[in-house]
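Presented below is the structure to which this report refers.
As the structure is a computational prediction, the values presented were derived from the model and not from experiment.
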Amino acid sequence: MEVNRDEAERCIDIATAALSNHQPEKALRFLEKAQRLFPTEKAKVLLDLIAKNGFTPRQGGHPDASGVSGPRQRQNTSEDTRPEEKPSDTSKPYTADQLESVRRVKQCKDFYEILGVQKDASEDELKRSYRKLALKFHPDKNHAPGATEAFKAIGNAYAVLSNVNKRRQYDQCGDERRHPSRHSPGNGNFEPDISPEDLFNMFFGGGYPSSNAHVYTNGRMRYQRRERRERQRDGGLALFVQVMPILILVIVSALSQIMVNNPSYSLSFRPSAGYSQKRLTENLKVPYYVGEQFSKEFTGVNLKNLEQTVEDDYISNLRNNCWKEKQQKEGMLYRARYFGDTDLYQRAQRARTPSCAKLSEITASLHG
């Protein structure tokens, strides 16, 4: 049954791309196939939308093009632009401008067009464009049909273009990138590392992705997606090839733990295994923990150099934590003003930034 579910999702993706390319007959075929394989609410909603626009299936399950061609089809298409006639899956109002904006996004040919920026746009320009569009198309703000898909497309576009390596690959692929909604094997390199929902939360104070795995690239934290959909391959050999890199990584990690010496100190807030003696640096009074043999191994110049390293690491950690606190507070304030959320605005005003306060205190003492 799980295999049928994956195939059904693939059919829904193909149908969504077909709708974006104005191919309702193709979309209808794949949506009906998806419902036969694994019935889902998403496929049902899309089928209702196609029926609403005047495309009705035959008894055999295929679209009756002759029954909807000509004036009737054009009439239904024009009627769909009126905000009063909404799909049956939503009762919330939306404007004609919101509906037209969704259609414009669906008609875009590449990620740059989705974000409305030039190919040589800077990182700041990408951020400004994403911030504006994400708020405009967020499902809580925009209830027009297709707004959720447009919101996801905007998030995916920013996630790819803000990644230096993926953006370079995307620019090099040429004409293949002109259909960002198409899901084909050739587009696998352009799968974003973060979901649109997590990306929005990271920008607007909803919290960072819960995964603790992160790496630093050019001074910026790049978050890994919490969940990735894995595609299964038939055969034991293919499974072994997939597992082999993990086995190699585990073996290398184990060997490195054996061969590399433990650090001489720990900046944790409490004693831990091997670091039971608490000390303070002479200059900034930064607390750190060491082992029982520390006093014998570090004296004089060696001790002074090590404490300088401790203070540098401590200040670096404060800077990183301060940046995260400011970003989260700023995002909460921005979102509260835009949506008119008084409770969120008050919480943002009360939000504390202890790392920033401590960093300011240390900076003042160093310059004093």
Side-chain angles (χ1 to χ4, degrees), residues 164 193-194 198 201-203 205-226 245-333 347-368:
V164 177
D193 290 328
I194 184 172
D198 284 343
N201 290 336
M202 186 176 70
F203 260 80
Y208 294 93
S210 61
S211 173
N212 292 326
H214 59 271
V215 295
Y216 286 91
T217 305
N218 297 330
R220 300 187 302 272
M221 185 174 290
R222 175 169 63 86
Y223 292 89
Q224 304 297 325
R225 181 183 293 182
R226 292 174 295 179
I246 300 177
L247 296 176
I248 294 175
L249 180 61
V250 171
I251 294 173
V252 172
S253 299
L255 291 176
S256 63
Q257 290 293 335
I258 296 174
M259 299 174 63
V260 177
N261 294 329
N262 292 329
S264 304
Y265 64 92
S266 171
L267 284 174
S268 63
F269 296 104
R270 58 181 63 87
S272 57
Y275 304 97
S276 57
Q277 307 296 321
K278 183 177 181 180
R279 292 177 61 93
L280 299 175
T281 60
E282 183 177 356
N283 185 21
L284 298 179
K285 307 301 179 184
V286 175
Y288 65 103
Y289 287 88
V290 297
E292 296 179 354
Q293 303 298 322
F294 180 84
S295 299
K296 298 179 180 179
E297 297 175 357
F298 292 90
T299 57
V301 178
N302 290 337
L303 177 60
K304 185 176 181 180
N305 292 336
L306 182 128
E307 289 194 345
Q308 182 64 46
T309 302
V310 171
E311 292 177 351
D312 291 343
D313 288 348
Y314 181 71
I315 293 174
S316 177
N317 290 340
L318 284 179
R319 286 197 183 102
N320 291 330
N321 292 334
C322 177
W323 180 85
K324 290 192 291 185
E325 292 167 358
K326 285 182 177 179
Q327 285 291 104
Q328 185 168 0
K329 186 171 183 177
E330 179 185 352
M332 292 174 65
L333 288 171
R347 290 202 307 272
Q349 290 284 10
R350 293 194 300 267
R352 301 179 60 188
T353 55
S355 298
C356 298
K358 187 64 177 178
L359 184 61
S360 300
E361 178 184 339
I362 291 178
T363 303
S365 65
L366 288 175
H367 292 82

Using every non-hydrogen atom in the two residues, find where [X] and [Y] come nearest and quote the distance to one decimal.
X	Y	answer
Ser266	Ser272	OG-OG, 4.3 Å
Pro287	Leu280	CA-CD2, 3.5 Å
Ser276	Glu292	OG-CG, 4.2 Å
Val286	Glu311	CG2-CG, 4.1 Å

Within-4.5 Å side-chain heavy-atom neighbours: Pro271 and Lys278: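 No, side chains not in contact.
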
With the side chain counted from C-beta on, respond yes when Leu249 and Pro245 share a heavy-atom pair under 4.5 Å apart, and no when they do not.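 In short, these two side chains do not touch, never coming nearer than 4.5 Å.
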
Can you measure from [atom1] ([X]) to [atom2] ([Y]) and round to the nearest 0.5 angstrom?
X	Y	atom1	atom2	result
Ser264	Phe298	OG	CZ	3.5 Å
Arg350	Lys329	CZ	NZ	11.0 Å
Phe294	Leu306	CZ	CG	5.0 Å
Gln308	Asp313	CD	CG	10.5 Å
Tyr314	Leu359	OH	CG	9.5 Å
Lys358	Leu318	NZ	CG	8.0 Å

Please evaluate residues Lys326 and Glu330 with respect to the criterion side chain to side chain contact (heavy atoms under 4.5 Å, CB included), reporting the C-alpha separation (whole Å), side-chain torsions for both, the decisive distance (0.1 Å), and the verdict. CA-CA 6 Å; Lys326 285 182 177 179; Glu330 179 185 352; 5.8 Å; no

As a quick check of understanding, evaluate side chain to side chain contact (heavy atoms under 4.5 Å, CB included) for Arg279 and Leu303, giving each step before the final call. CA-CA 12 Å; Arg279 292 177 61 93; Leu303 177 60; 3.7 Å; yes

Is it true that a side-chain atom of Thr299 and a backbone atom of Ser295 form a donor plus acceptor pair closer than 3.5 Å?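 Absent.
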
Taking atom CD as the centre, does Gln349 end up with more than 12 heavy-atom neighbours from other residues, nucleotides or ligands that are less than 6.0 angstrom away?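 Atom CD in Gln349 is crowded, with more than 12 foreign heavy atoms closer than 6.0 Å.
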
